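One-based numbering along the sequence shown. Values in this document were obtained by computation on a predicted structure and should not be read as measured data.
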Amino acid sequence: MMVFVTVLSFNSCSDSNANQDPNLVSKESSEMALKDFGKTVPVGIEKENGKYKVSFIVSAQPFQIKDSKDNEAYISMIEQAVKDESPIHVFMKGNTTEIAKVEKATQDDIRYFKSVLTKETKSDNSQKLASVIPDLATLNSLFTQIKNQSCGTSTASSPCITFRYPVDGCYARAHKMRQILINAGYDCEKQFVYGNLRASTGTCCVSWVYHVAILVSFKNASGVVEKRIIDPSLFSSGPVTDAAWRAACTNTSCGSASVSSFANTAGNVYYRSPAGSLLYDNNYVNTNCVLTTFSSLSGCSPSPAPSVSHCGF
């Protein structure tokens, strides 16, 4: 996602401020607190507890905008952008996930996002890969290889995989896991789950609008093909069924939670919107940059996650 984020700043001196209208000073202070989230595509908006919860492409974090008269035009603009799957220019309130201001995107921005979002499945020209892992022992060995790339372990190469920071970045973690499988000669699917998701790390809770992990096929001891999710951010002991994984994404001990839908995709899909639009990162440009940005973080803070707008595609 080519989003450019800058923190708005205004130059002023104390002498001029001394003679300014207090209301104008207050307005300028408010404007200075805005953080430019950049130009991005909203893919969901729903009313919840006196606010609207908004989701954007790629990011798994939920964002909010207050249901107020002052925000009516902004909410309408977001709703139309969700319907059209087109970009808007978003400003956040300080270092929060609260949307404070929305502006229309330029025609160039609209053309760009229309060019990168697609309904088509694209080939990444991978070498011929096995779609089924031959046995449970090989599956467990691959899981260990993936887990050993977790940030904070002595075995991880750069960029490490940010399993210990679940706030955001699941899309990059899943893509890096697939790369490890590819290097071992195997491919996989991915499963995307959407909804009011909440998950526990054991010590803290996170909220998501979607989550994604790799879905692998393997032959059990009877030679029957089964599928398992690999996601050490939620299950550090081994692969699990996709039903168990979705259940972990709706941990009600962290608050109300529910799944609205889920979908399996080809392994090379980097992001899938709730409406089915696809985004790709075949050269791992965004993947590696996101993982590097989050590599030193652990637990459920900071939240919101640091900006990855510089990562591009």
- request: Decide yes or no on side chain to side chain donor-acceptor pair (under 3.5 Å) for E85 and S273, but give the supporting numbers first.
  value: CA-CA 9 Å; E85 214 163 53; S273 77; 3.1 Å; yes
message: Under the criterion side chain to side chain donor-acceptor pair (under 3.5 Å), I'd like the reasoning laid out for N251 against S253: C-alpha separation, chi angles, the key distance, then a yes or no.
response: CA-CA 5 Å; N251 188 328; S253 68; 2.4 Å; yes
- prompt: Is there a side chain to side chain contact (heavy atoms under 4.5 Å, CB included) between N264 and Q191 once you walk through the steps?
  reply: CA-CA 4 Å; N264 296 346; Q191 187 167 116; 2.8 Å; yes
- request: With side chain to side chain contact (heavy atoms under 4.5 Å, CB included) as the test, would you mind laying out the steps for L129 and Y186 before giving the verdict?
  value: CA-CA 5 Å; L129 302 166; Y186 300 100; 5.8 Å; no
task: Report the C-alpha distance between N183 and I180 in whole Å, list the side-chain angles of each, state the deciding distance to 0.1 Å, and finish with yes or no for side chain to side chain contact (heavy atoms under 4.5 Å, CB included).
output: CA-CA 5 Å; N183 291 340; I180 292 172; 5.5 Å; no
- request: Take S256 and N196 through the side chain to side chain contact (heavy atoms under 4.5 Å, CB included) test and state the conclusion after the steps.
  value: CA-CA 8 Å; S256 62; N196 179 28; 3.7 Å; yes
field: Check against side chain to side chain donor-acceptor pair (under 3.5 Å), Q179 and K176
entry: CA-CA 5 Å; Q179 187 180 36; K176 201 65 175 177; 2.7 Å; yes
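Closest of all the heavy-atom pairs between G195 and K53 is O-NZ, 4.4 Å. Contact between G312 and V285 at its shortest, heavy atoms only, is O-CG1, 4.4 Å. Considering all non-hydrogen atoms of both residues, A184 and L142 come closest at CB-CD2, 3.7 Å. Between V167 and G299 the shortest heavy-atom distance is CG2-O, 4.0 Å. In terms of heavy atoms, R164 sits closest to S295 at NH2-O, 2.9 Å. The minimum heavy-atom distance between P232 and I146, with the atom names listed, is CG-CG2, 4.3 Å.
A side-chain contact (heavy atoms from CB on, under 4.5 Å) with H89 is found for one member of K104, E103, M77 and no other, namely E103.
Atom NZ of K119 has more than 12 neighbouring heavy atoms from other residues, nucleotides or ligands inside a 6.0 Å radius.
Looking at T118, its side chain does come within 3.5 Å of a backbone N or O of E120 through a donor-acceptor pair. Looking at Y52, its side chain never comes within 3.5 Å of a backbone N or O of I75 through a donor-acceptor pair. Judged by distance alone, with hydrogens and angles left aside, the side-chain atoms of S260 form a donor-acceptor pair with the main-chain N or O of Y194 at under 3.5 Å. At distances below 3.5 Å, at least one donor-acceptor pair connects side-chain atoms of D281 with backbone N or O atoms of N286. Of the possible donor and acceptor atoms, one in the side chain of S200 sits under 3.5 Å from a partner among the backbone N and O of G202. Side-chain N or O atoms of R173 include one that pairs as donor or acceptor with a backbone N or O of D168 at under 3.5 Å. Side-chain atoms of S76 never come within 3.5 Å of backbone atoms of A73 as a donor-acceptor pair (strictly under, hydrogens ignored). Although no hydrogens or angles enter the test, the distance criterion places no donor-acceptor pair under 3.5 Å between the side chain of S141 and the main chain of A137. Distance alone, capped at 3.5 Å, is enough to place a donor-acceptor pair between the Y165 side chain and the P302 backbone. A distance-only check finds a donor-acceptor pair linking the side chain of K190 to the backbone of V269 [under 3.5 Å].
Under the 4.5 Å side-chain heavy-atom criterion for ILVMFWY residues, no single connected hydrophobic cluster contains both F143 and L215. Following chains of ILVMFWY side-chain contacts shorter than 4.5 Å, one cannot reach L291 starting from F163, and the two form parts of different hydrophobic clusters. Cluster membership check: I161 does not share its hydrophobic cluster with L234, using side-chain heavy-atom separations under 4.5 Å among Ile, Leu, Val, Met, Phe, Trp and Tyr. A continuous path of ILVMFWY side-chain contacts below 4.5 Å connects L279 to F192, so both sit in one hydrophobic cluster. Under the 4.5 Å side-chain contact rule for hydrophobic residues, M177 and F262 do not share a cluster.
How far CZ of F63 is from OG1 of T96: 9.5 Å, rounded to the nearest 0.5 Å. Rounded to the nearest 0.5 angstrom, S86 OG and D109 CG are separated by 10.5 Å. Atoms CD1 and CG, on I99 and L34 in that order, are 12.0 Å from each other to the nearest 0.5 Å. To the nearest 0.5 Å, atoms CG (D187) and CZ (R178) are separated by 4.5 Å. Here the straight-line distance linking atom CG of L181 with atom CD1 of I214 works out to 4.5 Å at 0.5 Å rounding.
For Y171 and Y210, the ring centers sit 6.0 Å or farther from each other.
Annotation: side chain to side chain contact (heavy atoms under 4.5 Å, CB included) contacts of T250 (sequence neighbours excluded): L197, A257, V259.
For the two cysteine residues C289 and C311, the thiol sulfurs sit under 2.5 Å apart.
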